[in-house]
Amino acid sequence: MTELEQVLPTSKAVHPSISMLKQIHKKSLEDPEGFWRNVANELYWAEKNGPIFKPTDAPPYGKWFQNWKTNISYNALDRHVKTWRRNTVAFYWETENGEKRTVTYNDLYNEVNRFASALSKAGIKKGDRITMYMPMVPELPISLLGTLRIGAIHSVIFSGFTAQAIQDRLKDSESKIVVTSDIGYRRGKALELKPAVDEAVKNSPSVEKVIVLKRSSNATNMVKGRDISYHDFIATGDKYIEPEWVEGTHPSYILYTSGTTGKPKGATHSTGGYMTWVYYTQKVVFDVKDEDLFWCTADIGWVTGHSYIAYGPLLTGITSLMYEGTPDYPAPDKWWELIERYGVNILYTTPTAIRMHMKFGEQWAQKHDLSSLNLLGTVGEPINPEAWKWYFKNIGRETIPIVDTWWQTETGGILITPQPGLALVPLKPGSATLPLPGVEPDVFSEEGKPAKPNERGYLVIKRPWPGQFMTLWMDEERFTSVYFTRFPGIYYAGDYSMKDDDGYFWLLGRADEVLKVAGHRIGTIELEDALISHSAVAESAVIGKPDPVKMQVPIAFVILRPGHKPSPQLRDELAGHVRKTIGPIAVPEMIYFVEKLPKTRSGKIMRRVIGAVVQEKPIGDVTTLEDATSVEEATKAYADLKAAMRGSVKSK
Ligand code: WTA
């Protein structure tokens, strides 16, 4: 049997590695305390008091490491600098214009201590919030680790978001400090970041200080008494500061993510459970060896970058590549060139990026020796079998496994995935396979009963796991209603899923009004709110249209206020308005001007009808119609909308 066949058998017999993994999984559920104690003991804890897990009556129905104390920066740095790892590389950093930096564990330790000490001298205390709005530079993970070292809480805002988005998040988190940079680089251009921060901070009374990493020689607007350069700031710090030993349930960070209302949700992660989870998943999912060079292509502005650039690799003591740039600049072989030159062993990326490379063609990868790679991963969206096979063949030489990892901002780390570090099960293109130890997922029908094998339903997780978020920042009520009410007491992920005869999970996309555009999570309601905030717009409806590369793209329907007429100029203005309000990733691919939107009698927008029209599917494919809507009404609404679209001014 070739290695390929071992990886990809589709036989019906239970494969020995499936039995093995299911055995480990079973043990983890039978004795969670013992299982997680063994994992936790690989990390450092200043105190270990009482049980690891304590059930509670309120969501999320349990607390992890409540009376244990630790510090994530200690585990990511101090633990390593006391060993042979001290002078090994933590990050190779490179930018698209060839700037390079090698940061060892010792370097990182020194700079994190300076940063943390400077924060402490600036009056920042345990529990205070610090916001980062930064490009992909080493100072970003440095500031994250520095924040956690003194027990403060970080909130990273993706640097593609706008002033409005920053302001909303600063207000919600009441951050005292913002860490930013004058510019970031993208496709040969320097993008200014500081003006957006200046605008947002004007209306954010909580902010006392703005720390600015200067990268360009151009002058940056610095507000006297408020702004300080990053280098001047760390110069105020001492070379060592004792880590703050915090409880396992002390928040480590807030990360805002889109949901089904306009207001982003501040997913709040723990210290003990989160640390244990990212450490464990980095180990067993990516099967890391001491000498591995790991490359996660995400931006630290999203959860993937938090868990698998900033924390997972450092907690496991391996080396990462950190790249500031896009896959196709200056040429479509940029990634493959980097992999060859650095000798990357593990590549973790998104299906959108893979489909983009498929479009460029495999000749770009063929120009390079990719034989250093020994594991591939994907995350962020369902991967279509065609893209999986392309990745396997052209990047993976048809010999190395692909881990299709399912998880969410809320879950802290990977939950459903192949686990080559434990036992490599046969892979099926498009399935994330089996749950990790401690994770008990299921697929529920509409009524909350377990769905039959091969039947589509809703993904739920039936018991708490260590990496689980603890709450939504300052919004306990929404935390309960969004995640634990659809199926009372059980975590509702908001995804469609199916379980096959082998117990493999197939993740089938969002079941709510959240879009996945090139792997980025965007709420349709956020987009609708952005459109309505324009003075010409009375009403709007946004839905996702399938896209061959990005998976989904937003399509907007707009009803204008009296006195405004549809025109290509207004359409461009609206697109620009979304760009300014949320950011470039949210700009609709099409904006249609219509006179009315299909609505139910109770006034709810008939999203499925709009979806069918946009996808040019017959109305018959609209399986369940919204409440209180007859088939005739829906059919009429469908026909009306189709006619309106034909006559509408399009954006492209
Ligand atoms: C989707 C990203 C299918 C899913 C880590 C989930 C996936 C949402 C996969 C979370 C996967 C993530 N297969 N779908 N392997 N991974 N998703 O919060 O819809 O940005 O609910 O976290 O991405 O997106 P988020």
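The figures that follow rest on heavy atoms only: side chains count, while hydrogens, waters and symmetry mates do not. All of these numbers come straight from a predicted model, not from anything done at the bench. We count ligands from 1, going down the list as the structure has it; atoms in each ligand are counted the same way.
- Under a 4.0 Å heavy-atom criterion, W407 is in contact with ligand 1.
- Put simply, the side chain of T405 gets close to the backbone of T378: a donor and an acceptor are under 3.5 Å apart.
- What sits closest to atom 4 (C) of ligand 1 on the protein, heavy atoms only, is D495 OD2, 2.8 Å.
- Taking a 6.0 Å sphere around CD of E386, one finds it holds 12 or fewer heavy atoms contributed by other residues, nucleotides or ligands.
- By the 6.0 Å contact criterion, NZ on K63 is open, its count of non-hydrogen atoms from other residues, nucleotides or ligands being 12 or less.
- Under a 4.0 Å criterion applied to the non-hydrogen atoms of V379, ligand 1 contributes the atoms 5 (C).
- Heavy-atom contacts of T304 reach the following atoms of ligand 1: 5 (C) (cutoff under 4.0 Å).
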Mind running salt bridge (Lys or Arg N to Asp or Glu O under 4.0 Å) on E455 and K449 for me, showing each step along the way? CA-CA 12 Å; E455 236 175 51; K449 304 244 159 52; over 6 Å; no

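- With 3.5 Å as the limit, one finds a donor-acceptor pair spanning the side chains of T261 and R478.
- Taking every non-hydrogen atom of L507 and a distance limit under 4.0 Å, the qualifying atoms of ligand 1 come out as 3 (C), 13 (N).
- For ligand 1, the polar-atom distance check against K516 finds a nitrogen or oxygen pair separated by under 3.5 Å.
- Counting only N and O atoms by type, the side chains of T352 and E381 include a donor and acceptor under 3.5 Å apart.
- Shortest contact from atom 16 (N) of ligand 1 to any protein heavy atom: G380 N, 3.1 Å.
- The distance from ligand 1 to the heavy atoms of V303 drops below 4.0 Å at these ligand atoms: 5 (C), 22 (O).
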What verdict does the ring-ring contact (aromatic ring centres under 6.0 Å, His included) test give for F484 and Y61, after you've listed the backbone C-alpha separation in whole Å, the side-chain angles of each residue and the deciding distance to 0.1 Å? CA-CA 10 Å; F484 297 96; Y61 301 107; 5.7 Å; yes

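- Atom numbering of ligand 1 starts at 1 in the shown order; those under 4.0 Å from a heavy atom of D404 are 11 (C), 13 (N), 15 (N).
- Contacts of P382 with ligand 1, taken as heavy-atom pairs under 4.0 Å, involve both backbone and side chain.
- Under 4.0 Å from ligand 1, the heavy atoms of R521 that appear belong solely to its side chain.
- The environment of K265 atom NZ is dense: over 12 non-hydrogen atoms of other residues, nucleotides or ligands sit within 6.0 angstrom.
- By the criterion of a heavy-atom distance under 4.0 Å, neither the backbone nor the side chain of T378 is placed next to ligand 1.
- Around atom 25 (P) of ligand 1, the closest heavy atom drawn from T417, T409, V514 belongs to T409.
- Within ligand 1, the atoms closer than 4.0 Å to a non-hydrogen atom of Q408 are 6 (C), 10 (C), 18 (O), 21 (O), 22 (O), numbered from 1 in the order shown.
- Between the side chains of E476 and T471, at least one donor N or O sits under 3.5 Å from an acceptor N or O.
- Each of the atoms 9 (C), 11 (C), 15 (N), 16 (N) of ligand 1 lies under 4.0 Å from some heavy atom of T405.
- Side chain to side chain, T581 and Q164 fail the donor-acceptor criterion of an N or O pair below 3.5 Å.
- Looking only at heavy atoms of the protein, atom 11 (C) of ligand 1 is closest to E381 O, 3.4 Å.
- Looking at Q282 and I318, their side chains come closer than 4.5 Å, going by heavy atoms from C-beta outward.
- Residue nearest to atom 9 (C) of ligand 1, selected from W506, Y496, W406: W406 (by heavy-atom distance).
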